[in-house]
Amino acid sequence: MTSDYKPGEIEPKWQKKWEEDGLYQADVDESKKKFYALTMLPYPSGDFHIGHWYVTAPSDARARFKRMQGYNVMFPMGFDAFGLPAENAAIKRKTHPQKWTYGNIGRMRSQLRSMGTMIDWRREAVSADPDYYRWTQWFFIQLYNNDLAYRKQSPVDWCPQCNTTLAREQVHGDDRHCERCGTQVIKKDLEQWFFKITNYADELLDFSQIDWPDRVKTLQTNWIGRSEGADVFFTTEDGEDLTVFTTRPDTLWGATFMVLAPEHPLVENITTPEQKQAVAAYQKEADNKTEIQRSTVEKEKSGVFTGSYAINPVNKARIPIWIADYVMMGYGYGAIMAVPAHDERDFDFARQFGLEIIPVIQPDGEQFDGETMPEAYVGPGSMINSDQFNGTKVTEQKGRKNPGLGTVIDWLEKEGTGQEAISYKLRDWLISRQRYWGAPIPMIHCDTCGWNTVPETDLPVLLPEEVEWLPTGESPLKLHPTWKDTTCPSCGEKAIRETDTMDTFMCSSWYHLRYLSPNFDQGPFDQKEYDYWMPVDIYTGGIEHATMHLIYTRFFHKALRDMGITEANEPMTQLRNQGMVLGEDGEKMSKSRGNVISPDDLVAAYGADTVRAYLMFFARWELGGPWNSQGITGTERWLNRTWALFTQPTKKGTASKELIRDLKREVHNALDRITRDYEQFEFNTIISTLMELMNVLYEAQRNGAAGSKAWTEILEIYTLMMAPAAPHISEELWTNVLGKPYSIHNQSWPEVDREMMKKDEVTLIVQVNGKLRDRIVVPVDINKEEAEKIALASEGAALYLEGKEVKKVIVVPGRLVNIVV
RNA sequence: GGGGCGGUGGCGGAAUUGGCAGACGCAGGGGACUUAAAAUCCCCCGGUUCACACCAUGUGGGUUCAAGUCCCACCCGCCCCA
């Protein structure tokens with residue numbers, strides 16, 4: 001039989017058959033080990049782009065590999081369907097976000113099918129379906145009832161022209177203007193809903209139960225930003241309490257001024273009449289800056305004196321209180337004690353405004369002078385200018401373990417002027433969005449009863465479909481004439497619904513649980529499915545979610561555990577991140593740059609197997625890199641050659657025993673490598689190993705290896721090895737060319753035969769002073785003495801040994817001999 | 001601003017973790033087949049050199065019999081978050 005390789009014919013054929021046969025349906029089966037392979041669900045913002053393929057295709061290949069290893073593998077897919085882009089598209093195209101979103105989902109489903117994935121479509125979940133967000137709302141209620149959801153004032157970006165709140169991505173430029181009208185955005189305080197993720201800060205720092213990349217663990221650790229130190233109780237001259245957090249209580253004697261965040265509530269009270277104007281002007285200026293702009297270390301410091309003074313509790317020093325935008329309200333208490341001698345930013349500030357600098361830590365052999373120090377000293381040393389603590393050693397250790405800090409904290413606690421404290425950068429999760437296209441927050445407000453949850457029997461709180469799309473940016477839920485009117489579940493009087501919707505990260509915090517039983521209506525998931533499938537065994541997706549989604553979902557899972565809804569401490573035991581596919585110009589792909597690669601075009605031109613294999617081959621998966629459209633011809637040729645090798649008529653050859661033995665060794669070596677590479681997510685070398693083996697097979701065929709029984713066995717193993725990467729061609733070759741029973745995807749992964757891998761002979765490397773001088777083929781089990789003898793006698797080495805004294809000979813068994821002269 | 005990742009031929013990348021640097025592929029060169037082209041097949045392909053050989057893994061040091069790999073300092077590029 002001979003014909004050309006026609007992926008356009010075989011791929012749809014097998015996709016259809018696999019789906020009809022339910023080949024990849026994964027059901028609870030206690031007799032088999034389970035494997036839950038999860039890939040981050042896509043946002044349906046349009047068509048599937050090459051980046052989606054880059055995470056999905058190799059993840060699918062690995063899930064298939066695990067399946068062949070005998071695991072009961074679940075590989076589900078769904079869509080993160082709520083969110084702002086749909087709302088923007090709705091305004092722009094004068095359509096409904098639902099229509100736009102579900103249209104995109106329909107196209108993306110067929111694209112995923114064209115890839116030949118082993119997705120079990122019965123398990124699909126779409127976060128914008130009422131059956132889904134019913135349970136998102138249910139989770140909100142559980143969090144609220146367990147005191148993990150609360151309401152407080154928080155600033156939002158507000159466009160005074162459009163009279164609406166803006167999402168972060170709608171604020172543009174350094175001057176922070178509204179994307180719609182260009183007006184400068186201001187901050188406005190609104191009552192909003194929060195989740196108490198900070199309750200879990202310490203537990204989230206513990207990664208001991210999960211195999212996640214160090215990068216992600218570091219990013220999360222820094223995001224949580226745990227600092228050990230002390231709260232110190234200052235007072236103003238007028239007797240107002242003013243507590244600050246500091247990581248350096250040992251430097252309290254060097255505090256020469258205080259700085260409050262411009263928005264600190266105390267500022268109004270303490271500002272003296274003559275400073276009022278300057279302070280108000282400064283506050284307004286600070287309002288227009290982002291936190292990044294404010295926290296930049298190198299920029300010129302700005303600030304204004306309030307006119308008031310504070311009393312340092314340790315030495316009763318009277319120190320001026322300033323406001324400056326480098327102090328943020330959200331961190332600590334929004335107030336700091338400034339120790340210019342030992343803090344970089346305080347130092348810059350003091351120099352700029354001529355404030356006093358008193359060194360209180362000094363390393364041996366140094367003599368600091370506040371007038372002349374060129375920069376802040378942040379290293380270890382001994383305390384000076386600090387009354388009874390002079391001479392106490394301060395190391396670089398954090399927290400109480402540092403002898404200097406420990407001693408001072410003990411004393412503060414005894415005096416009642418301070419106490420040990422831990423501060424976090426992590427803030428509670430703001431989940432309110434003043435938007436339409438999200439899950440409505442299931443809360444009702446009544447003037448007499450206050451806030452009440454929507455009764456569970458009334459869930460889901462459906463989004464009204466008839467809404468007006470005014471290009472104001474204001475939420476149509478607010479503008480809807482009747483939707484928000486309801487009755488109080490507690491007293492039955494007239495009440496108002498919450499018109500905010502939930503952050504979409506709330507929807508994606510639990511989608512892996514909805515996949516377990518997407519049609520279950522007695523709860524968010526079926527306990528039987530949970531007990532079998534959870535936790536997720538491998539989670540793949542982009543590094544950009546390291547601190548948002550991946551922290552939220554861990555928090556969410558721990559909160560569910562504490563509410564008795566789930567058991568596990570962590571939702572996903574293993575995480576791996578892929579890199580990014582860049583355009584051919586090395587830039588990020590974007591429509592405006594015109595460097596976008598369409599996977600559909602590639603599939604039409606080369607077939608899905610070639611595209612899948614090339615995505616695995618062209619770069620290191622965790623790094624990604626620029627696309628090269630010429631390179632794909634390499635994988636195309638590989639599959640063509642594979643097809644030809646299997647289908648071209650060959651004469652039965654007369655192969656030597658050695659040739660067959662060598663071939664078997666090559667096959668088992670490749671199998672060993674590919675098995676290891678799949679385990680380690682090294683997809684590029686899986687394909688290169690298969691290519692290498694293909695070249696070996698061609699050469700062996702020329703040398704007469706074809707036609708024998710051993711040859712057929714070798715082809716079978718080869719086909720099995722390429723099945724996860726190129727599922728369609730493998731199925732065709734297995735079923736219709738080799739005539740083996742359908743389906744290759746129900747076969748077991750071949751066993752590595754270590755005996756087969758063994759060699760009789762190896763090439764011994766002979767070096768003189770580390771330089772290669774000869775290669776000699778020797779028996780594999782040659783002993784040290786023998787190897788040394790052969791090396792010393794070798795022709796190549798002889799030239800360099802003449803007249804030299806051999807000082808030392810190093811023998812690495814089976815590898816090399818290095819002669820030192 | 002903070003954090004992270006990386007730097008190996010013209011290009012993407014290998015190198016079983018300290019032991020033959022450049023596997024596999026792209027591009028390029030040569031040849032076979034063909035009226036011709038495409039496809040396919042075979043050979044060559046880091047630099048200097050006729051060659052022997054020497055030099056080469058961002059730069060400079062160090063450790064070692066042996067360094068792309070380990071240590072120190074520096075330079076450059078990219079990415080992420082806010």
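In what follows, every chain begins at residue 1, and chains take the letters A, B, ... in the order their sequences are listed.
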Visitor: Check every atom of B:G4, B:C81, B:C79 against the side chain of A:Thr547 and return the nucleotide holding the closest atom.
Guide: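 When the side chain of A:Thr547 is considered, B:C81 is the closest of B:G4, B:C81, B:C79.
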Visitor: Are any of A:Arg637's side-chain N or O atoms less than 4.0 Å away from OP1 or OP2 of B:A27?
Guide: yes
Visitor: Ion pair present between A:Lys758 and A:Asp753, side-chain N to carboxylate O less than 4.0 angstrom?
Guide: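 No, A:Lys758 and A:Asp753 are not salt-bridged.
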Visitor: Does A:Arg620 place a side-chain N or O at less than 4.0 Å from the phosphate oxygens OP1/OP2 of B:A14?
Guide: yes
Visitor: Would you mind classifying the nucleic acid contact of A:Ile765 as base, sugar-phosphate or nothing, using non-hydrogen atoms under 4.0 angstrom?
Guide: base
Visitor: What's the base orientation of B:U63: syn (chi within 90° of 0) or anti?
Guide: anti
Visitor: Using a cut-off of strictly less than 4.0 Å, decide whether A:Asn684 has a side-chain nitrogen or oxygen near OP1 or OP2 of B:A23.
Guide: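 No, no such contact exists.
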Visitor: Determine the contact category for A:Ile819: base if any of its heavy atoms lies under 4.0 Å from a base atom, sugar-phosphate if only primed atoms, P, OP1 or OP2 are that close, otherwise nothing.
Guide: nothing
Visitor: By nearest heavy atom, map A:Ile810 and A:Ile687 onto RNA chain B; which one lands nearer the 5' end?
Guide: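 Comparing both residues, the 5'-ward one is A:Ile687.
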Visitor: Taking any strand in view, what nucleotide pairs with B:U16 in a Watson-Crick or G-U wobble way, both distances under 3.5 Å?
Guide: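 Here B:U16 is not engaged in any pair, so there is no nucleotide opposite it.
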Visitor: May I ask you to say what A:Leu219 touches in the nucleic acid, namely base, sugar-phosphate or nothing, with a heavy-atom cut-off under 4.0 Å?
Guide: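 The answer is sugar-phosphate, as A:Leu219 gets under 4.0 Å only of primed atoms, P, OP1 or OP2.
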Visitor: Taking the chi torsion of B:C52, is it syn (within 90° of 0) or anti (everything else)?
Guide: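 Nucleotide B:C52 adopts syn.
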Visitor: Hey, does A:Phe617 reach any base, or is it just sugar-phosphate, or nothing, if we go heavy atoms under 4.0 Å?
Guide: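 Base, at least one base heavy atom under 4.0 Å.
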Visitor: For B:A23, does OP1 or OP2 lie under 4.0 Å from any side-chain N or O of A:Arg673?
Guide: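 So the side-chain polar atoms of A:Arg673 never come under 4.0 Å of the phosphate oxygens OP1 or OP2 of B:A23.
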Visitor: Would you indicate what A:Asn818 reaches in the nucleic acid, counting non-hydrogen atoms under 4.0 angstrom: base, sugar-phosphate, or nothing?
Guide: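 Here A:Asn818 touches the bases of the nucleic acid.
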Visitor: Assign A:Gln767 to base, sugar-phosphate, or nothing according to its heavy-atom contacts below 4.0 angstrom with the strands shown.
Guide: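 Here A:Gln767 touches the bases of the nucleic acid.
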Visitor: If you look at every strand shown and take non-hydrogen atoms under 4.0 Å, does A:Thr689 touch a base, only sugar-phosphate, or nothing?
Guide: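 Answer is nothing: A:Thr689 stays at 4.0 Å or more from every strand.
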Visitor: NA contact type, A:Val812, heavy-atom cut-off 4.0 Å: base, sugar-phosphate, or nothing?
Guide: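 If one applies the 4.0 Å heavy-atom cut-off, A:Val812 turns out to touch a base.
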Visitor: Just checking A:Asn695: base, sugar-phosphate only, or nothing, at a heavy-atom cut-off of under 4.0 Å?
Guide: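 The answer is sugar-phosphate, as A:Asn695 gets under 4.0 Å only of primed atoms, P, OP1 or OP2.
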Visitor: Look at the side chain of A:Ser688 and decide which nucleotide, out of B:G3, B:C24, B:C41, has an atom nearest to it.
Guide: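 Shortest atom-to-atom distance from the side chain points to B:C24.
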Visitor: A:Glu584 and A:Ser629: side-chain donor and acceptor closer than 3.5 Å?
Guide: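 Checked: A:Glu584/A:Ser629 side chains pair up, N/O donor to acceptor below 3.5 Å.
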Visitor: Are A:Tyr718 and A:Trp711 close enough that their ring centres sit under 6.0 Å apart?
Guide: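 They do not qualify: ring centres at least 6.0 Å apart.
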Visitor: Over 60° means perpendicular and under 30° means parallel, so classify the ring planes of A:Tyr539 and A:His549, tilted if in between.
Guide: perpendicular
Visitor: Please name the nucleotide paired to B:C50 by Watson-Crick or G-U wobble geometry with both distances under 3.5 Å, or report none.
Guide: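 Looking at the geometry, B:C50 pairs with no nucleotide.
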Visitor: Has the side chain of A:Arg775 got a donor or acceptor atom sitting under 3.5 Å from an opposite partner on the base of B:C20?
Guide: yes
Visitor: Mind telling me if B:G9 is syn or anti? Syn here is a glycosidic angle within 90° of 0.
Guide: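 Judged by the O4'-C1' to base torsion, B:G9 sits in syn, the angle falling within 90° of 0.
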Visitor: Look through every strand shown and name the nucleotide pairing with B:G3 as Watson-Crick or G-U wobble, where both distances are under 3.5 Å.
Guide: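 B:C79 is the nucleotide pairing with B:G3.
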Visitor: Does the cation-pi check pass for A:Arg641 over A:Tyr698, that is, NZ or CZ under 6.0 Å from the six-membered ring centre and within 45° of its axis?
Guide: yes
Visitor: Between A:Arg554 and A:Trp212, is NZ or CZ placed under 6.0 angstrom from the six-membered ring centre and within 45° of the ring axis?
Guide: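 The answer is yes, since A:Arg554 meets both limits relative to A:Trp212.
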Visitor: With heavy atoms under 4.0 Å as the rule, sort A:Gly624 into base, sugar-phosphate or nothing.
Guide: sugar-phosphate
Visitor: Does B:C42 have OP1 or OP2 sitting under 4.0 Å from an N or O in the side chain of A:Arg702?
Guide: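 Affirmative; the distance criterion is met.
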Visitor: So which one's nearest nucleotide on RNA chain B is more toward 5', A:Arg676 or A:Glu692?
Guide: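 It is A:Arg676, whose closest nucleotide lies nearer the 5' terminus.
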Visitor: Could you check whether A:Trp223 gets within reach of a base, just the sugar-phosphate, or nothing at all, counting any heavy atom under 4.0 Å?
Guide: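 Sugar-phosphate, no base atom in range.
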